[in-house]
Structures are given as C-alpha cells and as structure tokens.
Protein chains: 2
Amino acid sequence: MTVQQSGRRERKKAATRQKIADTALRLFLERGYDEVGIRDVAAEADVAVTTLFSHFASKEALVFEQDQDFEQRLAQAVTGRAPDEPLIPALRREIHALVRHCTAEGAAPIWRMIDGSTALREYEESMRLRHAESLAAAIAADPRLSRTALACRTIARFAIDAYPLARESDEPEAAVDEVFRMVEAAWDAAA
Amino acid sequence: MTVQQSGRRERKKAATRQKIADTALRLFLERGYDEVGIRDVAAEADVAVTTLFSHFASKEALVFEQDQDFEQRLAQAVTGRAPDEPLIPALRREIHALVRHCTAEGAAPIWRMIDGSTALREYEESMRLRHAESLAAAIAADPRLSRTALACRTIARFAIDAYPLARESDEPEAAVDEVFRMVEAAWDAAA
DNA sequence: GACCGTAACACTAACCGTTAGCTTTTCCTA
DNA sequence: TAGGAAAAGCTAACGGTTAGTGTTACGGTC
C-alpha cells in the first residue's frame, strides 16, 4: 500500500536530472569540457548550482551518467548467468556488449572529450575500480566457484582491465577476445 | 655540456622542495590530510603558495613524493634484468620489493592516512595507471619477448594490479605470489 | 669584477568546484 | 485541506589552483 505509482514528484525529479545531464553534455560538446563551468551548466538548465549537486556528486559525474547501469550489468552477468555457464565466457559477453556500446556511432565525440580531459580520465579510472570491487563481490558470492577471495578480486580487476584496453585498441572487438584468453588462463591457474 | 651537480642554485631548489615535502607530511600526519590546507603548508614551510605549486603539481603529489622512483624501478626491472631471466619472475621480484617497502615499519601511519582520503586513493590509482603504461612500453621494447602490443599492455596492467591487491591483503607477501601465478598463466597464454 | 639572462621565489587577486546554512516551493498522504 | 517531507532555491563561503606581475639570487660570459 505504501508503494506509490503515480509519483509526480519522482517524475519531476527524474526530469530535472535528465535536463541537467542533457544540458551539460550539450555544452561540453559545444565548447569543451574545461571551458564550461558548473555555473554555466546550472544557468543553462535553469536550476540552482546546489540543485545540480544534489543530483550529481561532481562535475565529472555529469558525463558518466550510466555509471550505475554498468556496475549492475556486470554483477548481473555473473549472478544471472545460466546455471551451467562458466564464469569467464559470461564476463566476456558482457564486456563485449559494453565495448560495443561505447564504440557505437555517435559516441565518438564523447570519448574524444573524455580522452582530452585529465579529470575525466581519472574519474573513469576510479569508476572502474568501484566496478571491479562490486564485480569481485558478486564472483566471491557464487557458490559454484571455489576460489580464494584474493583470486576473485584479482580476476575481477583483470576482467575490468579488458575494457579500457579494448577501447584504446584499433580493433576493440578482437582486443576483448585477445585479452580474455589471458584472463581465462589466469582464472584456470587460480583453481 | 657537463651536468653541474655542485650548483648552489640546484641545491637550494632541492632543499626548498624537500622542506616543503617534509613539512607537508609532518602536518598531514599531525592533524590529518583534510584538516591541513595548502596555505598552512606553505606558511609552515615559509614559502609562497605559488612556490609550493612550482615544486608539486597538486596537494596529493606532496604525499607521493617517490612517484617517479617507482616508475623508473619498474621499467628498470624489465630492461635491466639478467639476459636469461624471464619477464615474469623479474617483475614479481620488483613488486615484492615495492610491497615490502610499503608495509615496512613506520609506513603504516602514512598508508592509514592515504586509505582515509578519497582524493589520495584516487591519485594513487591514476599514478599506477601511468606506471602501467611506462611498464608496458618497456615490455614492448624488449626484443626477447615476442608478444603483441596489446598483450604487453595487458600484462603490464595485470602486474601492476598485483600491488594494490597485495597491499590490501592480510598477508601481502603471499598475496603477491598468488596473484603472480595468475599473471604468469596469462602471459603464457599470450604466446 | 661588472653584466646580463634566467631560474626561483613572492605577492595579489582571482577562478572554479564544492558545501553549509537556511528559506521557499511542490506535492504526497492522511 | 492541512501537515509534513522532499525537492529546489539563494547566499556566502571554503579550499585547491592559476594568471599576472614583479623581485631576488645565481651562473656563465666578457
């Protein structure tokens, strides 16, 4: 009974959040990330600076909106895979999907912007660290896999590493496969 | 032509740099990293804020003074190893030494401070990314190792990953060995 | 020994991301 | 429809960082 479906408040909140994110991305692409200030974004989105920061924890977070989606999808790839599917192929499939998503048509300008800003590159890296840690937790929680906690953390890091390595490669799809042959060998060695 | 070591100017510069670093570390440990401002450090070291920033690129850099040493030692471990020594054991030896250095007596308060600050943890992570890239370059430049450029970058990342994984482990030395069994398997798989 | 170029340092004043403190608006629910 | 809470707003600051502009002290040269 307590669950409210109509939720105008939630819709408005989501709309505000989306408007801020869209405005920010547009301005960043138009004028460059470093040339656009938080106050510019807030003014253009017609919200207060404090409102902006109640929706996004930092300026960089405006760019990596899908952050939490990625994190959940990775954990889901482990916990939600078919009962008989081994870990590594499931992870490879998910990383493949992520890489495809980021190398799709239209995403190029965004990644050019990210590569051009030290702050954004560092933020992305620390984001991946969080992803690796939640992935490690998901792997460690799987009763089918008998490995040490350290091995789980290690393989999580290795798998996440595949993502930037592939993105910076000439042939991202082939790169994922090449890196994952190494990941799989590492996982087998931890048995 | 010849490198002047005795130059009074260089000695004074080095002394200023050292005084700033020592003062900063002392204040950080006394009062906590977040509780000490750049202006505090500059005042206590008796230099101008701009002088501090001409020696250190950021507040975090004050803590990671040995940054470039680490980077050089890693590359050196590859390029300077015995002619018949394989890559992985040489890397393992160096990572062992680094881990021992960071878990030594007296280093504990510094690492407690680092673990307590998000800014410092993120800085350390981006530092490691730089280390991994220069290590990858050193590996790729070795004519004895016939691997793809991607495999070199991959194994460099994997090896660097061992360092934080070990530091956060209960038994750092054993952790290095465990992770490196996986690293070695990955490297063999890339042949 | 006087001279000049330059590296190191200093000072002011800001810029920019971020936050605290507090008020106003919106809208759920009882 | 009133009460209360979530969301948004405003002001003012804090702290890291940099630009602009001198000033000093050293090193090589004549």
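We name chains A, B, ... by the order of the sequence lines, and we start the count at 1 in each one.
Here the CG-OH distance, from A:L62 to A:Y33, works out to 7.0 Å after rounding to the nearest 0.5 Å. Taking CD from A:E44 and CG from A:L27, the interatomic distance works out to 5.0 Å, rounded to the nearest 0.5 Å. To the nearest 0.5 Å, atoms CD (A:Q18) and CD1 (A:I20) are separated by 10.0 Å.
In this view, A:F56 satisfies the ring-ring contact (aromatic ring centres under 6.0 Å, His included) rule with no residue, not counting sequence neighbours. By the ring-ring contact (aromatic ring centres under 6.0 Å, His included) test, B:Y163 pairs with no residue at all, sequence neighbours left out.
Using a 4.0 Å cut-off between a side-chain N of Lys or Arg and a carboxylate O of Asp or Glu, A:R121 and A:E60 do not qualify as a salt bridge.
The nearest whole Å value for the distance from the CD atom in A:E10 to the P atom in C:dC28 is 9 Å. Rounded to whole Å, atom P of D:dC14 lies 15 Å from atom CD of B:E35. Atom CZ of B:R17 is separated from atom P of C:dC9 by 12 Å (rounded to the nearest Å). If you take CG of B:L52 and P of D:dG15, they are 16 Å apart, rounded to a whole angstrom.
Within the 4.0 angstrom heavy-atom criterion, no nucleotide atom of any strand lies near B:D40.
Between D:dG9 and A:T51, a contact under 4.0 Å exists linking OP1 or OP2 to a side-chain N or O. Remark: B:H55 is not in phosphate contact with C:dA8, judged by side-chain N or O atoms under 4.0 Å from OP1 or OP2.
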So which protein nitrogen or oxygen atoms get under 3.5 Å of nucleotides 23-25 of chain D's nitrogens or oxygens?
residue	atom	partner	partner atom	Å
D:dA25	N3	B:R9	NH2	3.4

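Checked against B:E133 for a side-chain contact (heavy atoms from CB on, under 4.5 Å), the options B:R128, B:R153, B:E71 give a single hit: B:R153.
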Take nucleotides 15-24 of chain C nucleotide by nucleotide from the 5' end and write B, S or -, depending on whether a protein heavy atom sits under 4.0 Å from the base, only from the sugar-phosphate, or from neither. -SBBBB----
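Within 6.0 Å of atom CD in A:E168, more than 12 heavy atoms from other residues, nucleotides or ligands are found, so the atom counts as buried in its surroundings. For A:Q68, the CD atom is loosely surrounded, since the number of other residues' heavy atoms within 6.0 Å does not exceed 12.
When all heavy atoms are compared, the tightest approach of B:V176 to B:A166 is CG2-CB, 3.5 Å.
For DNA chain C, none of the residues of residues 110-126 of chain B falls under the heavy-atom distance limit of 4.0 Å.
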Without placing hydrogens or testing angles, list every side-chain donor-acceptor pair under 3.5 Å for residues 74-94 of chain B, not counting sequence neighbours.
residue	atom	partner	partner atom	Å
B:T79	OG1	B:A75	O	3.2
B:R81	NE	B:E85	O	2.7
B:R81	NH1	B:V78	O	2.8
B:R81	NH1	B:D142	OD2	2.8
B:R81	NH2	B:D142	OD2	3.3
B:E85	OE1	B:R93	NH2	2.9
B:E85	OE2	B:R93	NH2	3.1
B:E94	OE2	B:R73	NE	2.8
B:E94	OE2	B:R73	NH2	3.0

